[in-house]
Amino acid sequence: MTQKVWGGRFREDPDELVNRFNASIDFDRRLYAYDIEGSIAHCKMLAQQKILTEEEASRITKALGQIRREIERGELPVEAKEFEDIHGLIEKALVDKVGELGEKLHTGRSRNDQVALDMRLYVRDAIERMMNAIRAVQRAIVLSAEKNFDIMMPGYTHLQRAQPVLLAHHLLAYYEMLNRDMERFRESLVRVNILPSGSAALAGSTFNLNREMMARELGFHDISRNSMDAVSDRDFVLEFLFHASLVMMHLSRMSEELILWSSEEFGFVNIADAYCTGSSIMPQKKNPDLPELVRGKSGRIYGHLIALLTTMKGLPLSYNKDMQEDKEGLFDTVDTLEICLEVMEGLLGAITFNAERLREAAQEGFLVATDLADYLVLKGLTFRRAHEVVGRLVLFAAEQNKELRDLSLEELQKFSAQIEEDVYGWLDPASCISRRNLQGGTGPNAVRESLKKAKEELGI
Ligand code: ARG
C-alpha cells in the first residue's frame, strides 16, 4: 500500500497503475535538501508566530536535520516506491521520528507552494553552479588566447576566407558570448529569488504566517505578490531552460569549429589523444567525439525548453498536475549543461594550434582585398570605385592563379595608376591586422586590451 498525504476523502486505494503513473518520487527525490531547508524555515516561522510552541518547533527542526543527514548517508532510502513524492516521504520520516507532532508541520502550507519553493531553491543553486562552470570555460578561453596571441588566421564569413584576424580575437568572441550568458543567468536571479510560500494551495493561508521572515530565513530578496501566480507559473524554470539553450548553442558552435578545424581539410588544431576516440574498424581514425557530443546534446536541451513551454501553454490557473512535468527536463538540463561546460573547459586545454597552417591559410584567398580597397581610398578614390578596381584585380589574379602580392607593380598599375610600391607592405596580412586597432577590432593592441579586460573580469 502506498503512503498518501491525502487519504481521508477516499474509500478505496488507488490502482497500482495510478500510483505508478502519478508518482514523482523517482525524480523529485533530488529536491530533498531543498524540501527540508524550506520545511525548517517554515517550522521556525510557525514557532515565531506562536502557531507551534518553541519546544515543538525545535523537535521538528532537529528531526528534519537528522532526516537530511540520513538521506545524505544513504541510511534513509529515497527510492522507496510507496511514496508519491519527496514531500510525502519526508513528512512520513518526520512522523516516524517525532510522532503525531510531525503532522503539524504542514500547517499553513500546501504541496503546491511547497513544490514551488523547492523548485525556486533548486534553480537558484543551479544558476550559481552553471555560472561557475561558465566562468571556468571563459578562463580556459582566455588562457588559450593569451598563449596563442601571435597566431594569425583567416577570419571567415559564409565559411569562405574573408579577412586575416588574430586567433586570439576569434577565441575571445566566445568569451563575449559566454559573458552575456553569465549576465542572463545572473539577471534572472531577480525573478527566481522570490518566496512563494504562504500562497498555500492557491488562495493564501488563513494562518498568520510571517512571509517576510521566511524570505529572510531562506535568503529570498522578496515575496510573491499573488498566491495564484506563485503556485502556478514556472516561467523561472523556462527562463533557466532558455538561458541553458543559449549556452548550448554557443558551445555547439565552438564544437563545430573544433570539429572542422581538426579535420584533415583544415588542419588548424590538434586535439590531444586523451580527448579523442578511435574507430572500431578504421585503425587510422582519431575522432572528435567530444565536441560532436556537445553539439549533439544541444538538441536535447532545446527539446526540454520546448517541452515545458508546450506543457504550460494551455493550463488554466492555478496549479495543475501537468506542472510535475517541469522536473525531469530541468534536472537533465542541469546535468547536461554542467558536463558539457566541463568537457569544453577540458577540450580548450587539450588542443594545440597549428600556427604555420593557420598563417598560410591567411595568405591565400585574397583576404587582403578589402585592405587594398581601403588603400585606394586613402589615395583619393571613392570606396565604391576602389571596390570595383580591386574586384577586377582579383579576377585578373585568380585567372593566373596568383595572389595580389604576386602581381608586378606594372600589372597593378594597369588597374589603377594610384598604386605604388608601398602597396606590397600594405598587403601583408600582419599589417592588415595591425591596422585594426580600433576598439573591438582584431588589431593586436585592441585584442590585448580585450584580453586584459577579460582577465580583470575573471580575476586572473
Ligand atoms: N509532485 C507534485 C509536482 O511536482 C507536487 C505538487 C503536488 N500537488 C498536488 N496538488 N497534487 O508538481
Side-chain angles (χ1 to χ4, degrees), residues 2-10 13-15 17-39 41-42 67 71 78-94 103 105-126 192 194-206 224 226-241 304 307-335:
T2 51
Q3 307 271 353
K4 291 271 165 293
V5 287
W6 40 261
R9 189 221 173 280
F10 288 77
D13 267 340
D15 191 274
L17 175 66
V18 173
N19 285 336
R20 252 196 303 138
F21 189 62
N22 191 42
S24 53
I25 186 73
D26 275 347
F27 44 88
D28 69 9
R29 57 172 174 250
R30 270 225 204 191
L31 295 171
Y32 80 88
Y34 303 104
D35 199 69
I36 291 173
E37 187 186 354
S39 287
H42 179 67
I67 293 168
I71 297 178
V78 278
E79 286 77 32
K81 287 278 177 244
E82 67 264 35
F83 295 100
E84 181 182 335
D85 56 29
I86 189 68
H87 322 296
L89 182 145
I90 290 171
E91 189 173 314
K92 171 69 170 43
L94 179 66
E103 295 176 1
L105 176 63
H106 212 54
T107 310
R109 74 174 185 184
S110 151
R111 276 185 301 160
N112 296 353
D113 61 347
Q114 191 177 351
V115 77
L117 172 64
D118 293 4
M119 290 294 278
R120 282 178 184 273
L121 289 169
Y122 177 86
V123 170
R124 189 173 75 180
D125 261 15
V192 173
I194 293 192
L195 179 90
S197 313
S199 303
L202 76 160
S205 171
T206 57
S224 59
N226 183 305
S227 57
M228 296 183 77
D229 171 42
V231 296
S232 73
D233 209 347
R234 292 292 182 267
D235 53 359
F236 65 98
V237 178
L238 285 161
E239 256 191 79
F240 182 93
L241 297 176
H304 294 320
L308 186 58
L309 277 170
T310 311
T311 294
M312 295 301 295
K313 76 180 266 289
L315 302 187
L317 296 188
S318 55
Y319 178 84
N320 298 269
K321 190 66 172 235
D322 314 45
M323 288 156 65
Q324 181 164 290
E325 289 293 311
D326 63 352
K327 291 179 190 59
E328 286 157 291
L330 172 66
F331 297 156
D332 184 60
T333 298
V334 169
D335 294 345

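Predicted, not measured: the structure shown is a model, and the values here were computed from it. In listed order, ligands and their atoms are each counted from 1.
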Item to complete: Using side chain to side chain contact (heavy atoms under 4.5 Å, CB included) as the criterion, list what pairs up with Arg124, not counting sequence neighbours.
Response: Glu37, Leu121, Leu189, Val192, Asn193, Phe220

Worksheet item: At what distance, to the nearest 0.5 angstrom, does CG of Leu31 lie from CD1 of Ile25?
Response: 9.5 Å

Discussion item. So that I can tick it off, tell me whether Lys327 and Asp28 are bridged by a salt bridge, with the cut-off set at under 4.0 angstrom between side-chain N and carboxylate O.
Written reply: no

Worksheet item: What pair of heavy atoms forms the shortest contact from Ser224 to Ile194, and how long is it?
Response: N-CG2, 3.4 Å

Discussion item. Quiz question: by atom type and distance under 3.5 Å, do the side chains of Asp125 and Tyr34 form a donor-acceptor pair?
Written reply: yes

Worksheet item: Do we see a donor-acceptor contact under 3.5 Å between the side chains of Asp35 and Gln114?
Response: yes

Per-pair distances, ligand 1 N/O vs protein N/O, less than 3.5 Å:
unit_1: ligand 1; atom_1: 1 (N); unit_2: Ser24; atom_2: OG; d: 3.1
unit_1: ligand 1; atom_1: 1 (N); unit_2: Gln324; atom_2: OE1; d: 2.7
unit_1: ligand 1; atom_1: 4 (O); unit_2: Lys327; atom_2: NZ; d: 2.4
unit_1: ligand 1; atom_1: 8 (N); unit_2: Asn112; atom_2: OD1; d: 3.0
unit_1: ligand 1; atom_1: 10 (N); unit_2: Asn112; atom_2: OD1; d: 3.0
unit_1: ligand 1; atom_1: 12 (O); unit_2: Tyr319; atom_2: OH; d: 2.4

